[in-house]
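Heads up: the structure comes next, in structure tokens.
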Amino acid sequence: MDNPSSLTFFLFCFCWVALIAGAVLGYIIGVRMARSKERHRLVKEKIRKNKVAIYHYQKEKYDYIGQINRLEEDLRNLAEESELYKERIADLDYYQRKVRESEQIIERLSAASEETIELPADAFSLLIQLKQDPVRTNLTKPEWSELLYTTDLLFNNFLTELKQKSGITRHEEEICCLIKWNFPRKDQMAVFNNTTDALTKSKSRLKKRLQLDDKTDLDQFIRLYR
């Protein structure tokens with residue numbers, strides 16, 4: 001006599017369990033879809049920012065090529081043994097290296113848009129801000145960390161190597177970072193809000209830590225490192 005009642009109770013419980021399971025499954029699927037959409041959005045944003053950075057370095061590359069063309073024109077009108085000729089040759093070598101560096105960065109940024117290299121999203125916009133207005137752009141510690149990480153990644157982990165080999169400090173990493181991105185001395189002072197003497201002392205300590213002799217130019221050493 002209890003069979004109909006037992007069957008009804010069983011079906012009732014089964015329906016509730018199925019309903020709850022369906023709700024949980026729907027929630028899990030919804031969460032996964034939301035996460036997938038967020039990842040897709042972040043990837044698209046990273047690609048967009050990388051493209052902006054690529055455009056910036058393409059522009060720099062073309063500027064360097066323009067300098068190379070002007071120098072080559074100058075060289076055609078100078079005597080080979082003159083001091084000015086030697087200076088132009090040194091300048092030409094410098095800009096040719098900068099073109100190669102720009103091409104390498106563009107290549108890595110292009111690869112980062114297609115692969116899973118994790119570059120901080122704001123690092124390049126921070127760098128461009130510093131380039132455009134070093135006086136009024138004050139980076140926070142996390143922003144410096146992003147910029148240092150990206151610089152290290154794009155330049156063959158040279159900061160990691162200098163830390164391991166020479167034990168450079170965080171501020172010395174920042175100096176190396178600006179030198180690597182070709183910031184002139186006046187912009188280095190502006191970024192750090194330093195006087196000429198303060199920057200000279202910081203660079204002297206860095207030079208000593210790297211065990212460079214007095215004749216070695218620190219900026220040139222860092223730019224050519226790795």
Side-chain angles (χ1 to χ4, degrees), residues 46 49-50 53 56-57 60-61 63-64 90-91 93-109 112 117-226:
K46 185 177 79 170
K49 290 187 175 182
N50 281 357
H56 172 75
Y57 286 104
E60 279 200 346
K61 175 187 169 183
D63 290 343
Y64 293 141
D91 291 341
D93 180 65
Y94 170 77
Y95 285 113
Q96 286 171 338
R97 284 199 308 273
K98 297 307 294 182
V99 167
R100 290 194 294 271
E101 286 178 9
S102 296
E103 287 173 343
Q104 289 171 357
I105 293 170
I106 290 167
E107 183 179 348
R108 288 168 186 165
L109 285 171
I117 298 173
E118 292 298 327
L119 294 178
D122 295 327
F124 292 106
S125 60
L126 292 173
L127 182 64
I128 292 169
Q129 286 175 35
L130 275 179
K131 286 257 186 183
Q132 291 175 342
D133 192 356
V135 175
R136 286 188 289 272
T137 302
N138 298 312
L139 298 190
T140 64
K141 189 172 181 179
E143 288 173 337
W144 265 116
S145 295
E146 286 190 3
L147 187 54
L148 291 173
Y149 171 78
T150 302
T151 303
D152 194 40
L153 186 65
L154 291 178
F155 290 100
N156 300 313
N157 303 114
F158 87 104
L159 289 174
T160 299
E161 184 169 309
L162 291 178
K163 280 191 293 184
Q164 291 172 347
K165 286 185 175 181
S166 306
I168 65 173
T169 66
R170 167 68 178 238
H171 180 55
E172 289 166 349
E173 284 186 73
E174 294 169 358
I175 293 172
C176 291
C177 176
L178 295 187
I179 293 172
K180 202 68 170 176
W181 288 111
N182 200 34
F183 279 71
R185 184 180 177 84
K186 64 181 181 62
D187 288 349
Q188 294 172 30
M189 288 190 295
V191 170
F192 297 126
N193 194 25
N194 274 168
T195 62
T196 300
D197 287 345
L199 183 62
T200 298
K201 288 178 182 178
S202 295
K203 286 190 166 185
S204 294
R205 287 192 293 268
L206 174 56
K207 194 171 179 179
K208 184 176 180 180
R209 204 182 301 277
L210 297 176
Q211 298 182 340
L212 302 179
D213 58 44
D214 293 338
K215 294 180 181 179
T216 302
D217 181 81
L218 176 66
D219 286 31
Q220 187 76 349
F221 174 83
I222 295 299
R223 288 190 184 111
L224 297 179
Y225 193 84
R226 291 181 70 86

Are the side chains of [Y] and [X] in contact, using a 4.5 Å heavy-atom criterion?
X: Leu147; Y: Leu130; result: yes
X: Leu162; Y: Ile222; result: yes
X: Thr195; Y: Met189; result: no
X: Cys176; Y: Phe158; result: yes
X: Asn193; Y: Asn138; result: no

side-chain contact (heavy atoms from CB on, under 4.5 Å) between Leu210 and Ile168, worked out: CA-CA 8 Å; Leu210 297 176; Ile168 65 173; 4.0 Å; yes

Side chain to side chain donor-acceptor pair (under 3.5 Å) partners for [X], two or more places apart:
X: Gln129; answer: none
X: Ser102; answer: none
X: Asn194; answer: none

Quick one: pull up [atom1] in [X] and [atom2] in [Y] and give me the separation to the nearest 0.5 Å.
X: Ile179; Y: Trp181; atom1: CD1; atom2: CH2; answer: 14.0 Å
X: Arg223; Y: Glu101; atom1: CZ; atom2: CD; answer: 9.0 Å
X: Leu199; Y: Gln188; atom1: CG; atom2: CD; answer: 5.5 Å
X: Ile175; Y: Leu206; atom1: CD1; atom2: CG; answer: 6.0 Å

Lys/Arg-Asp/Glu bridge criterion (N-O < 4.0 Å) met for Glu173, Arg170: no

Verdict with supporting geometry, Glu103 and Arg100, salt bridge (charged side-chain N to carboxylate O under 4.0 Å, His left out): CA-CA 5 Å; Glu103 287 173 343; Arg100 290 194 294 271; over 6 Å; no

Test side chain to side chain contact (heavy atoms under 4.5 Å, CB included) applied to Glu143 - qualifying residues, sequence neighbours left out: Leu126, Leu139, Thr140

Gln104: side chain to side chain contact (heavy atoms under 4.5 Å, CB included) partners, not counting sequence neighbours: Arg108

Listed partners of Arg97 passing salt bridge (Lys or Arg N to Asp or Glu O under 4.0 Å), at least two apart: Asp93

Residues that Glu161 engages under salt bridge (Lys or Arg N to Asp or Glu O under 4.0 Å), provided they are two or more places apart: Lys165, Arg226

Of all pairs that satisfy ring-ring contact (aromatic ring centres under 6.0 Å, His included), the ones with a partner from residues 199-226, not counting sequence neighbours: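 Sorted result for residues 199-226: Phe221-Tyr225.
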
Listed partners of Tyr94 passing ring-ring contact (aromatic ring centres under 6.0 Å, His included), at least two apart: none

Residues that Phe183 engages under ring-ring contact (aromatic ring centres under 6.0 Å, His included), provided they are two or more places apart: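 By the ring-ring contact (aromatic ring centres under 6.0 Å, His included) rule, Phe183 matches no residue at all.
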
Aromatic plane relationship, Tyr64 with Tyr95 - under 30° parallel, 30 to 60° tilted, over 60° perpendicular: tilted

Pair listing, salt bridge (charged side-chain N to carboxylate O under 4.0 Å, His left out) test, anchored in residues 176-198, at least two apart: none

Pairs flagged by salt bridge (charged side-chain N to carboxylate O under 4.0 Å, His left out) wherever residues 201-218 is involved - sequence neighbours left out: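 Listed once each, the pairs are Glu172-Arg209, Lys203-Asp219.
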
